[in-house]
Novice: 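Structure incoming, see below.
Counting begins at 1 with the first residue of the sequence. A quick note: this is a predicted structure, and the numbers were derived from the prediction, not measured.
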Amino acid sequence: MSDIALRFHKDMLVLSAPIAAVLARQGVDVTRDLEYLNLIEPEAVRDALRLESIAGAQCIVANTEGIAPARLAHHGMEDRAEELARAALAAVQGLRPQHVLAEIGPCGLPLDGSSAASLNENRSQYARAVRAFEGGTLDAFLFGGFANPVDLKCALMGARQASDRPVFASVDVDGDGLMPDGRTTIEEAVSLMGEFGASVAGFSAGAPVEQVAALVERVCGTVDLPVLVQLRIAERAPRQG
């Protein structure tokens, strides 16, 4: 059992926030260069993560959200996944955090839930992304930003094909607990997580705290897993209400 798993159901752990906004304010084209920055300007990535560490995050999340092969292919970097993974982990480990997580986001491929070929290709994307970290020092994987329950299932199945490390899973929901498809409830999403091997069940919501607290209660009533809560914070613009 990994060290981080020993803390499940016992400690409240704080994960570092995504660093894209910080880097964008510095003039980085995060749509194009976010992962590439691990290779060409690792000190910029490390400095952004250091702010998260100073703020008290025990779990630092590596800058690898777009490491799925299909995502890297958009930037001509599909053959450099292992190199990117090593560089991203090195940036985190230099900060000596309590725990290191590697983030993997949606692969971005079209997905036909009725096609075995489509499902297999999507599972393969996530398995290959996980294998890019083989030999690296990390505690868990974070699969976040999922808006499609079938894609989530493919991600978890691919992860379990490639690794037995803990997996944090998170889906995007609104204040009522619905995924972006408008049909899948938070209960259905976290049930999928439990069924397909997630170690932590989570969600990301841009809702008032009272609604988020109610969503946590719904998750706890559905699965007996630790709960990950991610808050999406919008820009406050009083003049626009």
Side-chain angles (χ1 to χ4, degrees), residues 18-21 23-24 28-42 45 61-92 101-136 138 140-173 179-181 184 189 192-193 196-198 202-204 230 232:
I19 61 173
L23 296 172
V28 175
D29 183 346
V30 294
T31 302
R32 185 189 65 190
D33 295 332
L34 188 57
E35 284 74 32
Y36 189 44
L37 214 64
N38 294 319
L39 300 177
I40 60 171
E41 290 192 42
V45 174
V61 181
N63 178 39
T64 55
E65 190 270 341
I67 201 169
R71 297 269 297 275
L72 292 180
H74 283 294
H75 310 296
M77 300 182 66
E78 60 270 30
D79 297 327
R80 304 184 71 178
E82 292 82 3
E83 184 183 1
L84 286 168
R86 287 193 301 270
L89 291 178
V92 174
L101 276 66
E103 184 173 12
I104 299 174
C107 69
L109 285 181
L111 178 58
D112 180 355
S114 64
S115 166
S118 178
L119 293 170
N120 286 336
E121 177 54 35
N122 273 264
R123 283 195 294 268
S124 174
Q125 287 281 314
Y126 298 111
R128 290 162 63 190
V130 167
R131 291 191 182 105
F133 294 91
E134 284 183 359
L138 67 154
F141 291 99
L142 168 62
F143 282 81
F146 284 82
N148 182 317
V150 180
D151 196 16
L152 170 67
K153 183 167 74 171
C154 288
L156 293 173
M157 293 177 72
R160 285 298 169 233
Q161 286 175 5
S163 175
D164 60 359
R165 283 191 173 97
V167 172
F168 292 47
S170 178
V171 294
D172 292 344
V173 297
M179 291 184 67
D181 63 6
T184 306
L192 270 178
M193 295 175 192
F196 289 96
F203 66 90
S204 173
Q230 296 173 295
R232 296 196 301 270

Novice: Rounded to the nearest 0.5 Å, what's the gap from OG on Ser204 to CZ on Phe146? Could you check?
Specialist: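 Ser204 atom OG to Phe146 atom CZ measures 12.5 Å (nearest 0.5 Å).
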Novice: Could you tell me which non-hydrogen atom of Val173 sits nearest to which non-hydrogen atom of Arg232, and how far apart they are?
Specialist: O-NH2, 3.3 Å
Novice: Could you pull out the closest heavy-atom pair between Ala68 and Ala129, with the gap in Å?
Specialist: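 The pair with the smallest heavy-atom distance is CA-CB, 4.1 Å.
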Novice: Does any non-hydrogen side-chain atom of Met193 lie less than 4.5 Å from one of Val171?
Specialist: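 Val171 reaches Met193 side chain to side chain.
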Novice: First locate atom CE of Met179, then atom CG of Leu152, and finally report the distance between them rounded to the nearest 0.5 Å.
Specialist: 6.5 Å
Novice: Would you name the heavy atoms of Ala85 and Ala132 that are closest together and state the gap between them?
Specialist: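 Closest heavy-atom pair between Ala85 and Ala132: CB-O, 3.5 Å.
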Novice: For the residue pair Pro106 and Asp151, what are the closest heavy atoms and their distance?
Specialist: CB-OD2, 3.7 Å
Novice: Any side-chain heavy-atom pair from Leu89 and Phe133 closer than 4.5 angstrom?
Specialist: yes
Novice: Find out whether Asn148 and Asp181 are in side-chain contact, i.e. whether some heavy atom of one side chain is under 4.5 Å from a heavy atom of the other.
Specialist: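 The answer is no; the side chains never approach within 4.5 Å.
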Novice: Which atoms form the tightest heavy-atom contact between Ser118 and Pro110, and what is the distance?
Specialist: OG-O, 3.7 Å
Novice: For the pair Ser170 (side chain) and Gly144 (backbone), establish whether a donor and an acceptor sit closer than 3.5 Å, ignoring hydrogens and angles.
Specialist: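 No, Ser170 side chain to Gly144 backbone: no donor-acceptor pair under 3.5 Å.
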Novice: Between the main-chain N or O of Leu34 and the side-chain N or O of Asn63, is there a donor-acceptor pair closer than 3.5 Å?
Specialist: yes
Novice: Could you work out, with salt bridge (Lys or Arg N to Asp or Glu O under 4.0 Å) as the rule, every residue matching Glu78, not counting sequence neighbours?
Specialist: none
Novice: Would a distance-only check, ignoring hydrogens and angles, find a side-chain to backbone donor-acceptor pair under 3.5 Å from Arg165 to Leu138?
Specialist: yes
Novice: Quick one: does Arg131's side chain have a donor or acceptor within less than 3.5 Å of a partner on Ser163's backbone?
Specialist: no
Novice: Evaluate the side-chain contact (heavy atoms from CB on, under 4.5 Å) criterion for residues Arg80 and Leu39: first the C-alpha distance (whole Å), next the side-chain angles of each, then the deciding distance (0.1 Å), finally the verdict.
Specialist: CA-CA 10 Å; Arg80 304 184 71 178; Leu39 300 177; 3.4 Å; yes
Novice: First locate atom CD of Glu83, then atom CG of Asn38, and finally report the distance between them rounded to the nearest 0.5 Å.
Specialist: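 Rounded to the nearest 0.5 Å, the CD-CG separation comes to 10.0 Å.
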Novice: I'd like to check the side-chain contact (heavy atoms from CB on, under 4.5 Å) partners of Arg160; sequence neighbours left out, ordered by chain and number.
Specialist: Val167, Ser199
Novice: Could you give the distance from CG (Leu84) to CD1 (Ile67), rounded to the nearest 0.5 Å?
Specialist: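 Between Leu84 CG and Ile67 CD1, I get 5.5 Å after rounding to 0.5 Å.
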Novice: Taking the six-membered ring for Trp, are Tyr126 and Phe143 parallel (under 30°), tilted (30 to 60°) or perpendicular (over 60°)?
Specialist: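 Tyr126 and Phe143: perpendicular rings.
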Novice: Check the pair Tyr36 / Met77 against side-chain contact (heavy atoms from CB on, under 4.5 Å), numbers first and verdict last.
Specialist: CA-CA 9 Å; Tyr36 189 44; Met77 300 182 66; 3.5 Å; yes
Novice: So, do Phe141 and Val130 sit near enough that their side-chain heavy atoms are less than 4.5 Å apart?
Specialist: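 The answer is yes; the side chains approach within 4.5 Å.
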Novice: Show, in sequence, the C-alpha distance, side-chain angles and deciding distance for Leu111 and Leu119, and conclude whether the side-chain contact (heavy atoms from CB on, under 4.5 Å) test is met.
Specialist: CA-CA 7 Å; Leu111 178 58; Leu119 293 170; 3.9 Å; yes
Novice: Are any non-hydrogen side-chain atoms of Arg123 and Leu156 less than 4.5 angstrom apart?
Specialist: no
Novice: Find the distance between CD (Glu35) and CD (Glu65) and round it off to the nearest 0.5 Å.
Specialist: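 Rounded to the nearest 0.5 Å, the CD-CD separation comes to 6.5 Å.
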Novice: Could you state the interatomic distance from CZ (Phe168) to CD1 (Ile104), rounded to the nearest 0.5 Å?
Specialist: 13.5 Å
Novice: Measure across Asn122 and Cys107 and return the closest heavy-atom pair with its distance rounded to 0.1 Å.
Specialist: OD1-SG, 3.2 Å
Novice: Mind running side-chain hydrogen bond (donor to acceptor under 3.5 Å, both in side chains) on Thr64 and Glu103 for me, showing each step along the way?
Specialist: CA-CA 5 Å; Thr64 55; Glu103 184 173 12; over 6 Å; no
